[in-house]
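Quick notes on the structure that follows.
Values below: every heavy atom of this structure, side chains too, minus hydrogens, waters and symmetry copies. First listed ligand is number 1; within each ligand, the first listed atom is number 1. By convention here, the first residue in the shown sequence is residue 1.
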Amino acid sequence: MDVELPPRLTDWTILGVVVLSVGTGLVSLVSGRPGDWWVFWLHGAGGLTLVVLLVWKFRRVYRRVTDAEWTRATVVSVALATVAVGALASGAAWASGFDLDLAYWNLLNLHVLLGLLVVPLLVWHLRHRFRLPERTDVEGRRTALSYLALAGFGVGAWWLQRGANRALDLVGADRRFTGSRERGSFAGNAYPVTMWMADDPDPVDPGEWSLSVVGAVGEPITAGYDVVAEFEDRETATLDCTSGWYARQEWEGVRVGRLLDRADPDGDARYVSFRSVTGYRWNLPVEEAEDALLATRVGGEDLSHGHGFPARLVAPGRRGFQWVKWVETVEVRTDPDPGQVGAIFLSWTG
Ligand SMILES: Nc1nc2c(c(=O)[nH]1)N[C@H]1C(S)=C(S)[C@@H](COP(=O)(O)O)O[C@H]1N2
Ligand SMILES: [Mo]
């Protein structure tokens, strides 16, 4: 049976699946709770479906590239095809257990970059090639069958790939549902040190450091290291970095809810922002922040400088980049702090 979609419908379906893949790729960066598994699932199955769609598409258009005169539109199309194939190949390779060591980057970083590059190239490509679909493109039964076959292929291939990884015990077999691989769990400070960009503060002198709770509170607090380090609240939680590794650790420090109880947040307090000595910051809704930990120790050892000594945020279910290191200020807020995204990208510039 021929399940290939008609040309225009193929193109529109590619557009839809690309939007789905880029969208789920972006959402996956802030997904870390077990209930978020479907984001990664859609991303993987979507990518595999795209392989079939692109085979159909390339079979149809390759003569324009090999036989016809090249225009600027051809250049953009070829660049788009190359980047898209690169994004798919790097994603599939990463999922199958491969990696690369590119100075500061790994294969997953490369995959994210290529995936993001698809967006401007696709927009440009659409400016030259945009065609509205026509009614005759969508012929009920046959189209429905094609879509079923496509979705079946995407989901089936995704499932087989995961199964093969596990059965053959390939490198990718130790992945979490986020795709991250295990590195240094329950090893105290002996797990990877990672920065989002290039934060690199001098070691913080605990004698000069203090933790402040400020903002929408009745009783602002400032506490020195000796006071903060006395608390022994514990949480076993998984730090899961978006560059593709995770470590499960026993963290110890002060439960943020204790600090908030003393600081007495105002009635309209909604968010709590955790700010690093570098300016890097992230917030959590108040209820979630209450359960989070400002850790001073990991696996019974004082945090090393690289891991955020004197204190770092432990936010279970959040991704690694949200676990602010070298925290010095806890700011209770009534709004969600739109500036934090800029702050994590620019904090290293001082
Ligand atoms: N201040 C600050 N906190 C930060 C970062 C950073 O660059 N600056 N990187 C984040 C990222 S991307 C991750 S994955 C974790 C890594 O924590 P680790 O170095 O203890 O493994 O810290 C997060 N906290
Ligand atoms: Mo990270």
Next on the checklist: Can you confirm whether more than 12 heavy atoms, excluding those of W70, are under 6.0 Å from its CH2 atom?
Outcome noted: yes
Next on the checklist: Testing W37, W41, F40 one by one against F177 for a ring-ring contact (aromatic ring centres under 6.0 Å, His included), which residue passes?
Outcome noted: F40
Item to check | Aromatic ring pairing H43/H111, orientation class (parallel under 30°, perpendicular over 60°, tilted between) | outcome: perpendicular
Next on the checklist: Is it true that D268 and T334 share a donor-acceptor pair across their side chains at a distance under 3.5 Å?
Outcome noted: no
Item to check | Residue, atom name and distance, where the atom is the protein heavy atom closest to atom 7 (O) of ligand 1 | outcome: W196 N, 2.9 Å
Checklist outcome for this item: The atoms of ligand 1 lying under 4.0 Å from a heavy atom of F321, numbered in the order shown, are 10 (C), 11 (C), 12 (S), 13 (C)
Checklist entry - Nearest protein heavy-atom contact for atom 6 (C) of ligand 1: which residue, which atom, what distance? => result Y280 CE1, 3.4 Å
Item to check | Pick from S276, C241, G308, S243: the one approaching atom 14 (S) of ligand 1 most closely through a non-hydrogen atom | outcome: C241
Item to check | Within-shell test, R319 vs ligand 1, heavy atom, strictly < 4.0 Å | outcome: no
Checklist entry - Counting heavy atoms only, which of R275, H305, R312, M195 comes nearest to atom 22 (O) of ligand 1? => result R312
Next on the checklist: Is F274 close enough to touch ligand 1? Criterion: a residue heavy atom under 4.0 Å from a ligand atom.
Outcome noted: no
Checklist entry - Looking at atom 16 (C) of ligand 1, what's its closest protein heavy atom, distance included? => result T194 O, 3.4 Å
Next on the checklist: Students should be able to answer this: which protein heavy-atom is nearest to atom 19 (O) of ligand 1, and at what distance?
Outcome noted: K325 NZ, 2.5 Å
Checklist entry - If you count the atoms of ligand 1 from 1 in the order shown, which ones are under 4.0 Å from a heavy atom of T278? => result 1 (N)
Checklist entry - Please state which protein non-hydrogen atom is closest to atom 21 (O) of ligand 1 and give its distance, to 0.1 Å? => result P192 O, 2.7 Å
Checklist outcome for this item: In ligand 1, the atoms that come under 4.0 Å of a heavy atom of Y191 are 18 (P), 20 (O), 21 (O)
Next on the checklist: A side-chain contact here means heavy atoms from C-beta on lying under 4.5 Å apart; do P201 and H305 qualify?
Outcome noted: yes
Next on the checklist: Using a 4.0 Å cutoff against the non-hydrogen atoms of W245, which atoms of ligand 1 qualify?
Outcome noted: 21 (O)
Checklist outcome for this item: For atom 18 (P) of ligand 1, the closest protein heavy atom turns out to be H307 ND1, 3.4 Å
Checklist entry - Hey, which atoms in ligand 1 end up nearer than 4.0 Å to a heavy atom of D199? => result 1 (N), 2 (C), 6 (C), 7 (O), 8 (N)
Item to check | Protein heavy atom at shortest distance from atom 24 (N) of ligand 1 | outcome: W323 O, 3.0 Å
Item to check | Stepwise side-chain hydrogen bond (donor to acceptor under 3.5 Å, both in side chains) test for Y147 and T13 | outcome: CA-CA 9 Å; Y147 279 126; T13 309; 2.6 Å; yes
Next on the checklist: Are Y280 and W326, when compared by the centres of their aromatic rings, separated by less than 6.0 Å?
Outcome noted: no
Next on the checklist: List the residues meeting salt bridge (charged side-chain N to carboxylate O under 4.0 Å, His left out) with R183, not counting sequence neighbours, and say none if there are none.
Outcome noted: none
Checklist entry - Do W323 and R318 touch side chain to side chain, with heavy atoms closer than 4.5 Å? => result yes
Checklist entry - Taking the six-membered ring where the residue is Trp, are the ring centres of W196 and W282 under 6.0 Å apart? => result no
Checklist outcome for this item: Taking only non-hydrogen atoms of G306 and a 4.0 Å limit, the atoms of ligand 1 in range are 19 (O)
Item to check | L239, portion touching ligand 1 at heavy-atom distance under 4.0 Å | outcome: side chain
Item to check | Non-hydrogen side-chain atoms of N165 and R175 separated by less than 4.5 Å | outcome: yes
Checklist entry - Can you find a non-hydrogen atom of W348 under 4.0 Å from ligand 1? => result no
Item to check | Min side-chain heavy-atom separation T71-H128 under 4.5 Å | outcome: no
Checklist entry - How far is atom 23 (C) of ligand 1 from its nearest protein heavy atom, and which residue and atom name does that atom have? => result G320 O, 3.2 Å
